[in-house]
J.: 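Please see the structure below; I have some questions.
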Amino acid sequence: MHFLTDSSILIDGLFNRHNLQTVLANPKYNTGLSEMARENAISSFGNKIYLKGLIEFTNYCKNSCYFCGLNVNNANCSRYRLSKQEILSCFKTGKDFGINSYILQGGDDSFYSNERIVEIIKAIRRDFKDPSLTLSMGERSYESYKSFYEAGLKGYILHHESHTLEHFNMLHSDDVSLFNRLNSIKNIRQSKLYTGCGLTVGFPYQTLENIADDILYIYDLAPRSVTVMPFIPHKDTVFANESSGDAELVFKVISILRIMLPKAIIFSHYSLDFIHKKGVEKGILSGANAVTLSLAPFKYRKKYNLYTNKIAEKDSIYKSYEKLQLLAQKTGGEISTDY
Ligand code: 5AD
């Protein structure tokens with residue numbers, strides 16, 4: 001009850017940096033925020049937890065982001081690309097589970113020229129009755145986004161990583177710039193694609209002020225989807241010895257974003273289970289309303305390793321699907337494939 005007495009002040013004032021920092025810093029708000037966020041999610045989406053098929057189709061990447069296991073300098077990363085046929089067969093698997101919404105995700109891989117991507121989008125639409133399709137493979141030009149949209153792509157996910165220039169530069173070498181990243185996100189919006197964005201909690205050198213600014217940036221962007229994930233160190237990166245993001249802080253950021261963006265798709269990302277034994281479940285109870293099912297063949301899935309190679313995926317796709325259904329039930333929700 002104590003939370004509720006001052007919650008209206010905080011919720012009204014959540015939309016400024018100072019109040020966000022106060023709320024992020026103080027655990028006394030955790031329970032009240034997650035309850036309020038869950039109520040918001042239910043009033044926007046009922047008890048539905050949206051299931052999206054995730055196809056990790058290439059782990060080649062030309063960038064050298066210090067935090068990511070797919071960075072170009074990681075000689076221990078065994079690289080793969082799915083052929084068009086293999087991608088289509090992932091859609092076939094997804095369809096068997098009734099899935100109609102998919103995310104094709106990969107590194108920033110120039111092998112996939114715009115023409116190749118357009119060809120893949122068209123083949124998927126032709127063979128699978130126009131499913132909802134989102135792509136995520138780094139920065140592309142406005143013209144590329146537009147050609148993807150015209151080919152039938154619905155959305156594009158691009159994470160800004162940090163809205164604070166100094167911090168952004170601590171996470172990347174000179175091959176990427178915050179200016180280009182933010183511009184690229186604007187181009188996604190202008191191309192008419194839905195914008196998906198993300199926020200990694202616990203990045204090295206990240207302060208609560210940085211997170212507050214990231215949240216405000218995302219609020220202004222008003223994206224269709226947001227993925228909130230914890231930082232998890234990868235042994236073959238510059239940040240190998242840094243610590244993982246704090247689970248409670250990730251849950252709290254999910255709740256704040258749900259309260260600020262009541263209609264957004266907010267993912268309870270599978271990586272939450274790597275830092276908390278009920279991570280994905282708690283993500284949903286904190287206001288998230290979507291989960292993913294990885295559809296790439298097992299031999300590739302274990303190679304798509306952004307974080308660490310301690311975690312080897314063992315479950316079959318069917319088993320993972322069952323687990324997601326169970327998890328949804330535990331939160332009083334129900335898996336839905338129709339968004
Ligand atoms: N920990 C958490 N998030 C990461 N990402 C990449 N590596 C890590 C990591 N070690 C996120 C980044 C990137 C997205 C594909 O995954 O936000 O944009």
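Order of listing sets the numbers, starting from 1, for every ligand and every atom in it.
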J.: Just jot down the ligand 1 atoms closer than 4.0 angstrom to any heavy atom of T200, in number order.
T.: 2 (C), 3 (N), 17 (O)
J.: Decide, yes or no, whether a salt bridge links K192 with E150 under the criterion of side-chain N to carboxylate O below 4.0 Å.
T.: no
J.: Within the structure, is a non-hydrogen atom of P230 found at a distance of less than 4.0 Å from ligand 1?
T.: yes
J.: What class does the angle between the rings of H172 and F168 fall in, given that below 30° is parallel, 30 to 60° is tilted and above 60° is perpendicular?
T.: parallel
J.: Using a 6.0 Å distance limit plus a 45 degree cone around the ring axis, check whether R81 lies over the aromatic ring of F111.
T.: yes
J.: Looking at H18, is its backbone amide N or carbonyl O close enough to the side chain of N16 to form a donor-acceptor pair, meaning the two atoms are under 3.5 Å apart?
T.: yes
J.: May I ask you to identify the nearest protein heavy atom to atom 11 (C) of ligand 1, giving residue, atom name and distance to one decimal place in Å?
T.: M229 CE, 3.6 Å
J.: Would you say N180 has more than 12 foreign heavy atoms packed within less than 6.0 Å of its CG?
T.: yes
J.: Does any N/O atom on F231 come nearer than 3.5 Å to any N/O atom on ligand 1?
T.: no
J.: Consider ligand 1: state whether an atom of it lies below 4.0 angstrom from any non-hydrogen atom of H234.
T.: no
J.: Give the residue and atom name of whichever protein heavy atom lies nearest to atom 4 (C) of ligand 1, and the separation in Å to one decimal.
T.: Y307 CE2, 3.9 Å
J.: Could you check atom 10 (N) of ligand 1 against the protein and tell me its nearest heavy-atom contact, residue, atom and distance included?
T.: I232 O, 2.7 Å
J.: Quick one: nearest non-hydrogen protein atom to atom 7 (N) of ligand 1, plus distance?
T.: F67 CD1, 3.3 Å
J.: In this structure, is the centre-to-centre distance between the rings of F203 and F67 below 6.0 Å?
T.: yes
J.: Nearest to atom 18 (O) of ligand 1, what protein heavy atom do you find, and at what distance?
T.: E161 OE2, 2.4 Å
J.: Classify the ring geometry between F128 and F91 as parallel (under 30°), tilted (30 to 60°) or perpendicular (over 60°).
T.: tilted
J.: Please report which non-hydrogen protein atom sits nearest to atom 14 (C) of ligand 1, along with the residue it belongs to and the distance in Å to one decimal place.
T.: H159 ND1, 3.8 Å
J.: Examine C68 against ligand 1 and note whether any of their N/O atoms are separated by less than 3.5 Å.
T.: no
J.: Using 30° and 60° as the class limits, which term best fits the ring planes of Y156 and Y145: parallel, tilted or perpendicular?
T.: perpendicular
J.: If the cut-off is 4.0 Å to any non-hydrogen atom of L306, which atoms of ligand 1 fall inside it?
T.: 7 (N), 10 (N), 16 (O)
